[in-house]
Amino acid sequence: MRDVERLLRLVEKPGRYVGGEYNAVKKDWEKVKVRVAFAFPDVYEVGMSHLGLQILYAIVNGRPDALMERVFAPWPDMEALLRAERIPLFSLESRRALSDFDILAFTLQYELTYTNVLNMMELGGVSPLAAERRESEPLVIGGGPCAFNPEPLAAFFDLFVLGEGEEVVHELLDAYIRARQEGKGRQEFLREAAAIDGVYVPSFYEVRYQEDGRIASVRPLYPGIPEKVTKRVVANLDGAPFPVRPVIPWVEAVHDRGMIEIFRGCSRGCRFCQAGIIYRPVREKSLERLLVQGRELAKNTGYEEISLTSLSSVDYSRLLPLVDGLIETFTPDKVSISLPSLRADAFAVEIARRLQEVRKGTLTFAPEAGTQRLRNVINKRVTREELLRAVEAAFASGWLRVKLYFMVGLPTETEEDLDGIAALAGDVLRVGEECGVPKGKLRVTVSVACFVPKAHTPFQWEPQVPRAVLAEKIRYLKRRLKDRRIDFDWHDPEMSMLEAVFARGDRRLGAVLLGAWRRGCRFDGWREHFSLARWLEAFAEAGLQPEDYAQRRYAYGEVLPWDHIDVGVSREFLIEEHQRAYRGEITPDCRWEKCMACGVCPAFGVAPVLAEEDGLVSLPDHLS
Amino acid sequence: MFRYRITFRKEGPARWIGHLDLVRLFEQACRRAGLPLAYSEGFNPRSRLVFAAPLPVGVAGLRELVDAYLRVPVAPELVQARLGPVLPEGLTLVRVKRVPREEANLMAAVRRAAYRAEGRPAAGLCEAALTEAVQRVLQAGEIKSVRQGKKGPKERDIRPGIFALDASLEEGKIVVTMLVQAGQEGNVRPEEVTATLWRLGLLPGAPEDFDYYRTGLYTVAGDRTVSLG
Ligand code: SF4
């Protein structure tokens with residue numbers, strides 16, 4: 001494509017579109033039976049930081065009969081050129097139009113990328129509406145956390161894959177190849193695919209609504225199609241394939257470092273957190289495996305930073321030996337180790353100190369709420385005293401800046417809780433002064449997100465606070481955080497509202513999405529591109545109110561749009577958790593305390609797996 | 001510390017990579033190659049890689065230069081054998097040689113760069129017209145060029161920075177070659193020179209129809225121009 005070369009001169013960061021990165025895989029199209037495009041509906045630098053992409057890329061390209069190429073959302077400058085020159089959106093590896101692929105696989109990480117999904121399909125020559133797609137067009141599939149409530153996207157996808165992809169991707173590709181060889185069409189293939197655990201074909205379900213717009217029923221249309229589709233869990237994570245030769249981005253990624261996943265799942269049980277539910281149970285990898293993978297990754301990438309990733313990395317049972325073992329080999333090359341998230345306690349600070357994180361200057365904690373009462377409501381088990389002790393340890397070890405994450409608009413929140421945020425920030429400053437942090441250097445960043453109720457969490461029934469009220473809360477906090485040593489930043493309440501709409505939305509939203517995209521909505525997660533006005537027009541056109549989704553309290557008794565998606569956590573458990581929240585009761589952590597019978601383990605015949613001194617053990621043995 | 005001068009090509013996909021990304025990618029490659037890079041002292045140790053001069057994004061480099069400082073001596077052939085295979089697509093080693101540590105810093109030494117621009121000619125264009133175009137540029141007393149700076153557009157005269165200019169037809173292509181000022185002061189970009197040819201109405205087509213190559217980097221010793229590679 002000589003034409004593409006011409007465009008490269010005219011765009012910002014052309015490296016986003018050229019491919020050929022170190023460790024990228026370019027296969028012969030004629031030698032494989034199935035060609036998959038992995039589409040990340042955001043810009044290159046964001047997508048290339050995503051571990052899931054690297055995992056699936058390695059798995060699919062590891063098969064002799066399949067290939068996977070990458071494509072990212074073109075930045076608006078490139079989109080304009082592609083449209084003007086009538087060049088279809090293409091994959092990086094072989095510069096082929098998306099319409100040339102057999103399968104177009106989107107990862108759905110964030111609700112505000114949905115317009116990019118439609119846009120990429122259209123730019124790539126693929127009809128966005130599944131019902132209009134011809135046999136010759138690719139099969140469009142989706143996965144990732146947002147697939148756990150895929151309903152707003154139901155009209156655009158042929159199927160969704162629920163949960164962890166390592167195993168199901170093989171089953172799906174095998175089924176695809178078989179159907180192709182037998183000359184089967186898309187419908188026939190989908191009927192077979194629907195029989196695979198974790199595969200959800202939205203067109204095989206009929207959704208009926210009540211007069212008021214709530215759902216009356218969701219039913220499979222054909223015999224043999226399951227009433228509920230269950231997610232996939234990789235029981236033996238330690239033995240699962242892991243990409244130790246990831247593609248290294250040309251353009252510096254948002255998180256430009258090697259990643260070693262040390263465990264999956266999180267048992268802390270924060271009640272607003274979707275990841276904490278959908279990735280249950282906790283499965284740690286063995287120390288031996290991680291040491292090998294860490295060293296190989298460093299050797300194969302040359303990254304100067306290796307991140308030990310998970311939802312809560314300080315919780316890894318054998319963190320100290322892991323860190324010490326890796327540091328030993330990394331030191332001469334100045335490779336550093338980092339942890340993406342820190343618990344607010346002294347152990348975490350000690351680990352961070354050992355990792356030389358001090359040189360980055362900022363230590364981040366997430367107390368999430370300003371008072372103990374509200375922290376109990378959300379089951380965030382950190383006390384003011386623990387936090388301040390951690391902060392003290394941080395300042396004493398040389399850190400100058402502390403960043404604190406909070407949420408506003410949490411269920412039961414009052415003004416007192418907002419005051420609590422300001423008070424905590426003030427306390428942290430005071431501790432900094434007492435620890436003798438030089439006057440001009442001491443800084444506290446308060447970063448505030450708006451609460452978004454998410455499907456499958458104990459707070460899934462909760463309404464979101466109206467966006468005007470969220471904005472008022474933020475203004476209130478801003479007034480309370482006047483100290484010049486405090487930096488304050490916050491998430492946009494309008495964007496958070498839209499996120500809430502799609503997080504708990506149903507199929508009727510497909511029309512809104514289409515309308516918003518046609519009105520030019522793109523990159524809605526980017527403040528400079530987000531336009532609420534266009535979205536509101538699209539809602540009006542579809543005859544829907546965003547408030548009916550974001551601000552409505554869903555009833556325990558009603559059919560939720562995602563009720564036919566089964567993540568293994570029982571509805572009873574979620575209701576109990578929801579009620580415990582209102583009673584301000586804490587729920588123990590099943591990693592260390594006791595099983596709270598959330599339902600996941602028996603449902604999948606799995607158990608939490610921990611890395612102990614004598615190897616991996618599963619929870620029943622570990623607690624006995 | 002032991003100093004090595006690495007000559008490499010930057011072309012194909014790699015030519016679309018900006019300078020800061022190139023530095024980062026080179027550092028990573030050295031680590032993959034297991035080269036014992038020397039690092040600066042301090043809180044944020046940086047590897048000691050000194051690039052001769054940033055290459056504009058989109059321009060291919062045929063003889064780019066970087067000095068690598070290693071903690072222990074390694075045979076240059078070994079550096080080449082280890083580093084060559086772990087570079088990303090479009091970066092290739094031309095040669096590696098030892099240079100004395102005390103020699104002038106590479107970045108400071110760069111004073112001239114040679115470029116080649118290749119493009120499709122419009123029908124009817126002849127050698128004579130090209131020669132004439134070049135003469136007009138070389139005879140100009142002053143050539144104004146506007147560059148986007150941090151504080152808005154800035155105009156300057158690039159004529160003193162053009163030391164040689166030539167244009168010819170080769171296998172049906174227009175080929176413009178030039179030797180211009182490079183380095184930390186008075187740096188002239190190749191497209192600024194070709195843009196002058198367009199502005200004077202002397203070249204057909206559009207700037208994006210041309211491919212650019214940097215073909216050499218030089219220092220100046222007395223009145224001689226000496227290759228750094
Ligand atoms: S079933 Fe019990 S042990 Fe398993 S994840 Fe749920 S609470 Fe934890």
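Below, chain A is the first sequence line, B the second, and so on; all start at residue 1. Bear in mind that the values here come from a model prediction, so they are computed numbers and not experimental data.
Under a cut-off of 6.0 angstrom, the local environment of CD in B:E103 is crowded, with over 12 non-hydrogen atoms contributed by other residues, nucleotides or ligands. Heavy atoms from other residues, nucleotides or ligands lying under 6.0 Å from CZ of A:R245 number 12 at most. Shown here is B:K97, whose NZ atom has more than 12 heavy atoms of other residues, nucleotides or ligands within 6.0 Å. The local environment of CD in A:E528 is crowded, with over 12 non-hydrogen atoms from other residues, nucleotides or ligands closer than 6.0 Å.
Interface remark: B:A14 contributes backbone and side-chain atoms alike to the contact with chain A (heavy atom separation under 4.5 Å). Contacts between A:N23 and chain B at a heavy-atom distance below 4.5 Å are absent for every atom of the residue. Of the atoms belonging to B:L87, it is backbone heavy atoms, and not side-chain ones, that fall under 4.5 Å from chain A. Within the 4.5 angstrom heavy-atom criterion, no atom of B:L37 approaches chain A.
Results of the side chain to side chain contact (heavy atoms under 4.5 Å, CB included) test with A:E304 over B:Q28, B:R24, B:E27 single out B:E27 as the only residue that passes.
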For a side-chain contact (heavy atoms from CB on, under 4.5 Å) check, start with the C-alpha distance between B:Y212 and A:R9, then their side-chain angles and the critical distance, and finish with the verdict.
CA-CA 11 Å; B:Y212 293 88; A:R9 292 184 201 288; 4.3 Å; yes
Step by step, work out the side-chain contact (heavy atoms from CB on, under 4.5 Å) result for A:V335 and B:R31.
CA-CA 9 Å; A:V335 175; B:R31 269 194 228 102; 4.0 Å; yes
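Contact between A:G19 and B:P13 at its shortest, heavy atoms only, is O-CB, 3.4 Å.
The candidate with the highest count of non-hydrogen atom pairs below 4.5 Å against chain B, out of A:G15, A:G20, A:A298, is A:G20.
The existence of a salt bridge linking A:K26 and B:E89 is excluded, since no basic side-chain nitrogen approaches an acidic carboxylate oxygen closer than 4.0 Å. Under 4.0 Å is where a charged nitrogen must lie from a carboxylate oxygen, and between B:D211 and A:R6 no such pair does.
Using a 4.5 Å heavy-atom cutoff, the side chains of B:V57 and A:P14 are in contact. Within the 4.5 Å cutoff, the side chain of A:K334 has no heavy atoms near those of the B:R46 side chain. Between A:W250 and B:D21, the closest side-chain pair of non-hydrogen atoms is not below 4.5 Å.
Atom CD in A:E21 sits 8.0 Å away from atom CD1 in B:I17 (nearest 0.5 Å).
A cation-pi geometry, defined here as NZ or CZ lying under 6.0 Å from the six-membered ring centre and within 45° of its normal, holds between B:R32 and A:Y22.
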